[in-house]
Amino acid sequence: MAISRRKFLTSMGAVIGAGTTGTLTKAYGATKTGFKGYPESFGVLHDITRCIGCRKCEQACNDVNKLDKPERPFDDLKVLDQKRRTDEAVYTVVNKFSGTPDVFVKKQCNHCQEPACASACFVKALKKDKTGAVVYDESLCVGCRYCMVACPFNIPAYTYNDPLSPKVTKCTLCLPRIQEGKLPGCVEICPKEALVFGKRKDLIKIAWKRITQSPGHYIEHVYGEHEMGGTSWLYLSGAPFEKVGMREDLGNTPAPELTSGALGTVPIVVGLWPVLLTGVYAISKRKEKIADEERKEAVQKATDLATAEMNKQLSQLKNKLTKEKDTAIKTEVKKALDAAAKKAAEAAKAVEKPLAAEDAADDDTGNEEE
Amino acid sequence: MTKENITAEKQFLTPFNVVAGIILLVGAVITILRFTKGIGAVTNLDNNNPWGLWIGFDLMCGVALAAGGYVTSSACYVFGLKKYHSAVRPAILTAFLGYALVVFALHYDVGRPWRLPYPIFYSQGTSSLLFEVGLCVFLYLTVLFVEWTPAAFEWLGFKKIRAWVVRLTMVLTIFGVVLSTLHQSSLGALFQIAPSKLHPLWYSGYLHVYFFISSMFAGMSMVIFEGTLAHKWLHHKMDETHLAEAEGVVLGFGKAASFVMMGYIGIKLIGLAVDNNWHYLTTGWGLWFLVELVGFVLFPAILYGMGAREKNTTFIRIAAFWTVLGIILNRLNISVIAFNYHLPSADRYVPSFMEVGTTIFIVTIGLVVYKFIATRMPILYEHPDYKEHH
Ligand code: SF4
Ligand code: SF4
Ligand code: SF4
């Protein structure tokens with residue numbers, strides 16, 4: 001189902017009607033893996049070979065989004081002499097690439113299938129909607145501008161000069177119009193059918209049909225079919241894409257996959273680190289403990305040794321002392337004994353003489369006792 | 001005017017205070033401009049260059065250079081290298097101030113700073129690496145704050161609550177290492193989403209690993225470098241233990257840094273080989289890449305190694321300063337210089353004077369607060385009442 005301005009089917013309103021009741025407005029944040037875009041989502045096919053650089057799409061975009069009017073009017077085609085990019089007041093630009101003939105390329109948000117910007121946003125202010133549109137919610141945006149760093153097409157812009165409510169700006173795929181059953185502003189106005197709106201999967205078929213039906217007219221590549229995991233906007237060109245300002249070195253890896261490796265380490269770090277570190281801590285503690293024990297043991301041994309030595313010395317001293325004492329006592333005893341013997345002998349002699357005196361002394365003591 | 005007044009005034013009008021005062025004044029003017037006229041009025045940022053000096057230096061370098069906190073506390077508490085104990089407090093203080101200033105600087109850079117709590121409390125974009133960075137930085141700042149409070153409690157004499165916090169040391173340290181591992185690496189991984197914008201010599205699927213490994217030697221070098229400065233200016237605030245252990249810290253960290261840096265060079269070369277990027281080395285960007293890798297990693301790594309072997313702290317101190325410069329160069333290369341390398345020179349970003357001014361302003365705030373705290377609280381010395389608590 002591919003529709004240009006003239007062939008716009010109102011029946012599509014039925015399909016999209018669901019959007020107004022809420023199912024389509026349900027948006028999904030970028031998932032980490034495995035998401036390949038909504039199968040029924042819409043997109044736009046831009047056939048670069050048909051574009052005449054009239055800038056009508058730019059004007060329509062400016063109107064429907066109620067953006068500031070530019071200094072130079074939209075019918076001033078001299079503007080095309082300069083390479084331009086999207087900015088805070090311009091959601092889409094047409095650039096001219098000189099050659100024979102000149103090539104005109106429209107540029108806006110490509111509404112990636114797995115948007116780098118949405119996967120980068122840390123508050124989910126950017127989301128891939130079921131319709132295919134990558135929508136921005138100003139009420140969440142912190143203004144970190146990581147989405148701008150992430151976008152491989154350099155699309156989002158920022159209102160740097162707004163001090164209080166700066167915001168990211170970019171093409172909305174005219175989501176409000178789609179929900180009303182209308183075409184995006186640029187598609188509706190394009191006089192050359194260089195823009196075709198429809199379901200992305202149908203647009204891919206149409207694109208390849210055009211390539212096969214007019215051999216030599218197109219480069220055999222549908223830009224956006226696989227780039228960065230695929231985009232909702234698709235491009236056909238007669239000149240190599242690299243020559244008309246479209247990078248061919250982006251690769252087909254969707255943005256979320258580029259960071260999934262790093263994100264994947266989170267559970268590992270959170271799960272393993274504490275265990276490892278506690279282990280290391282335990283080991284170092286144990287080492288400390290062992291060192292401590294060893295130190296204690298050594299001290300104990302040293303003390304033991306010292307005590308043993310001391311004891312030995314002490315006992316030796318004691319022995320010596322005892323010996324000395326013994327001899328001393330012995331001599332003393334001997335002396336005493338000798339002295340006692342002497343005394344006894346003397347006493348015996350004396351006893352024999354004053355016997356009477358002794359008897360008297362005995363009586364005295366007896367009296368005292370009583 | 002009495003004599004005392006005159007000396008007081010003289011003490012206040014030190015060269016440090018005068019220069020700091022002027023910078024703070026200029027900073028205040030830029031701040032007013034930033035918040036009344038918008039980011040566009042003070043920066044050279046544009047739609048192609050959404051991140052400039054404020055992210056490249058204030059965030060990227062700020063976080064890397066504040067890695068000394070987790071490196072030192074894990075060396076001391078987890079790996080049981082108790083000889084680094086006196087280096088822990090200053091490292092924690094620098095880390096805490098570093099992270100606080102990173103968050104402060106972000107208030108200038110993001111469009112609506114009052115929404116900074118959104119990613120954590122209101123709308124979590126879990127697929128984003130910036131979400132991981134934000135969450136970890138927020139949690140880690142809290143951890144660092146708690147780790148720092150014992151110094152404040154000692155100063156204020158709150159013994160009970162201090163003892164309570166000190167008991168958490170181990171848990172906080174492990175938590176800190178986990179959080180640091182995550183956000184240090186995620187800062188590098190931020191750029192993994194833009195392979196088409198970052199020059200292939202710097203872009204790698206291993207960016208997160210590079211950032212984590214380099215944060216280790218960034219932290220060690222910063223501890224040495226900052227210690228050198230502190231010795232020069234705050235020598236009188238240091239106690240015997242600190243002075244006695246300082247040389248051991250310098251030698252130990254110097255040796256460790258030289259090992260880690262050699263490992264880092266190894267994985268950088270492996271990265272080059274995996275992506276087969278050798279042919280870029282002969283281009284101008286290749287030369288610049290070699291200036292960074294050889295001039296600012298290999299050279300200081302060798303100097304570190306020599307210093308450690310010959311116990312030459314001067315070598316190590318020079319190497320530390322050199323490495324700090326190298327880290328700044330690396331982070332700026334990835335976030336600013338080699339980012340958007342493919343754009344025509346007219347579209348390239350060069351910071352405005354006011355951006356540079358803001359960055360100097362924020363660094364100055366850090367110095368002033370560090371000085372205020374280190375001259376009052378037991379950071380470089382142990383509080384006499386709490387000596388035995390290790
Ligand atoms: S082109 Fe850029 S802004 Fe648009 S959806 Fe893709 S990544 Fe997002
Ligand atoms: S600038 Fe806004 S939309 Fe973009 S990533 Fe940051 S918060 Fe999300
Ligand atoms: S309106 Fe159509 S033809 Fe005119 S510039 Fe836009 S895309 Fe090209």
Side-chain angles (χ1 to χ4, degrees), chain A residues 29-32 85-88 116 118-125 140-152 154 156-167 247 249-251 253 255-256 258-259 261-263 265-266 269-270 273-274 277-278 280-281 283-285 287-288, chain B residues 34-41 43 45-48 50-51 74 77-82 106 109-113 115-116 118-119 122-134 170 173-175 177-178 181-182 185-186 188-197 205 207-208 339 342:
Chain A
T31 45
K32 279 169 208 165
R85 60 152 288 163
T86 51
D87 67 36
E88 50 271 37
S119 120
C121 181
F122 69 160
V123 288
K124 291 206 199 119
L140 291 174
C141 177
V142 180
C144 65
R145 307 188 296 282
Y146 186 33
C147 49
M148 298 165 71
V149 168
C151 174
N154 273 347
Y158 199 65
T159 56
Y160 286 103
N161 289 319
D162 182 347
L164 288 177
S165 52
K167 58 176 187 285
R247 293 187 70 166
D249 58 350
L250 296 179
T253 315
L258 294 167
T259 50
L263 272 174
T265 60
V266 175
V269 171
V270 173
W273 243 192
L277 293 173
T278 320
V280 172
Y281 173 65
I283 292 170
S284 76
K285 257 275 130 97
K287 254 200 211 147
E288 234 171 68
Chain B
R34 152 69 184 90
F35 288 101
T36 53
K37 303 260 180 260
I39 301 173
T43 69
L45 296 176
D46 59 36
N47 293 327
N48 285 328
W51 285 357
S74 62
Y77 297 125
V78 178
F79 292 88
L81 304 171
K82 286 286 147 57
L106 282 179
D109 188 77
V110 305
R112 303 195 197 190
R115 285 185 179 171
L116 275 172
Y118 274 24
Y122 188 55
S123 174
Q124 294 82 1
T126 46
S127 63
S128 168
L129 277 157
L130 196 60
F131 169 75
E132 199 191 317
V133 171
M170 200 49 223
T173 305
I174 291 188
F175 202 36
V177 177
V178 171
T181 311
L182 289 178
S185 54
S186 320
L190 282 182
F191 294 92
Q192 271 166 227
I193 204 160
S196 58
K197 296 187 185 178
L207 261 179
H208 55 305
F339 189 79
H342 61 287

Query raised in the report: Of the backbone (N, CA, C, O) and the side chain (C-beta and beyond), which part of B/Gln124 lies under 4.5 Å from a heavy atom of chain A, both, or neither?
Result: backbone
Query - Partner set under side chain to side chain donor-acceptor pair (under 3.5 Å) for A/Thr278, not counting sequence neighbours - result: none
Query raised in the report: So, A/Arg145 side chain and B/Trp51 main chain: donor-acceptor pair closer than 3.5 Å or not?
Result: no
Report summary line: Note: B/Val178 and A/Val269 closest approach over all heavy atoms is O-CG1, 4.0 Å
Query raised in the report: Between the side chain of B/Tyr122 and the main-chain N/O of A/Leu140, is any donor-acceptor distance below 3.5 Å?
Result: no
Query raised in the report: In Å and rounded to the nearest 0.5 Å, what is the CG to CG distance from A/Leu258 to B/Leu129?
Result: 10.5 Å
Query raised in the report: Based on non-hydrogen pairs under 4.5 Å, which of A/Pro152, A/Cys121, A/Ala255 is most in contact with chain B?
Result: A/Cys121
Query - A/Cys151 versus B/Lys197, closest heavy-atom pair with distance - result: O-NZ, 2.8 Å
Query raised in the report: Does A/Tyr160 OH have over 12 foreign heavy atoms under 6.0 Å away?
Result: yes
Report task. Specify which of B/Ala189, B/Pro119, B/Ala194 makes the most heavy-atom pairs with chain A at under 4.5 Å. Result -> B/Pro119
**Report entry** Minimum heavy-atom distance between B/Glu132 and A/Leu263, given as atom pair plus value
**Finding:** OE1-CD2, 3.5 Å
**Report entry** Whether B/Arg112 side chain and A/Ser165 backbone form a donor-acceptor pair below 3.5 Å
**Finding:** yes
Query raised in the report: Sequence neighbours excluded, which residues qualify as side chain to side chain donor-acceptor pair (under 3.5 Å) partners of A/Glu88?
Result: B/Asn47
Query raised in the report: Considering only heavy atoms, which portion of B/Phe79 lies under 4.5 Å from any heavy atom of chain A: side chain, backbone, both, or neither?
Result: both
Query - Interface residue of largest heavy-atom contact number with chain B, from A/Ala125, A/Cys141, A/Pro274, under 4.5 Å - result: A/Cys141
Query raised in the report: Can you say whether A/Cys144 sits under 4.5 Å from chain B via the side chain, the backbone, both, or neither, judging by heavy atoms?
Result: both
Query - Pair B/Ile39-A/Tyr158, side-chain contact (heavy atoms from CB on, under 4.5 Å): steps then yes or no - result: CA-CA 10 Å; B/Ile39 301 173; A/Tyr158 199 65; 4.3 Å; yes
Query raised in the report: Is it true that a side-chain atom of A/Lys124 and a backbone atom of B/Ser127 form a donor plus acceptor pair closer than 3.5 Å?
Result: no
Query raised in the report: Counting only N and O atoms by type, is there a donor-acceptor contact under 3.5 Å from the side chain of A/Tyr281 to the main-chain atoms of B/Tyr77?
Result: no
Report summary line: Looking only at B/Pro195, B/Ser74, B/Gly38, B/Gly111, most heavy-atom pairs under 4.5 Å shared with chain A are made by B/Gly111
Query raised in the report: Taking all atoms of both residues into account, what is the closest heavy-atom pair of B/Pro50 and A/Val149, and its distance?
Result: CG-CG2, 3.6 Å
Requested in this report: With a 4.5 Å cut-off on heavy-atom pairs, point out which of B/Leu106, B/Leu81, B/Ile174, B/Thr43 contacts chain A the most.
Outcome: B/Ile174
Query raised in the report: So what's closer than 4.5 Å to chain A heavy atoms on B/Thr36: side chain, backbone, both or neither?
Result: backbone
Requested in this report: Would you confirm whether B/Lys37, through its side chain, and A/Pro163, through its main-chain N or O, come within 3.5 Å as a donor-acceptor pair?
Outcome: no
Query - Worked verdict on A/Phe122 versus B/Val133 for side-chain contact (heavy atoms from CB on, under 4.5 Å) - result: CA-CA 10 Å; A/Phe122 69 160; B/Val133 171; over 6 Å; no
Requested in this report: Could you walk me through whether A/Tyr146 and B/Ile193 pass the side-chain contact (heavy atoms from CB on, under 4.5 Å) test, one step at a time?
Outcome: CA-CA 10 Å; A/Tyr146 186 33; B/Ile193 204 160; 3.7 Å; yes
Report task. Against chain A, label B/Leu190 side chain, backbone, both or neither, depending on which of its atoms sit under 4.5 Å from a heavy atom there. Result -> both
Requested in this report: Name the option with the most non-hydrogen atom pairs under 4.5 Å to chain B; the candidates are A/Cys147, A/Gly261, A/Pro166.
Outcome: A/Pro166
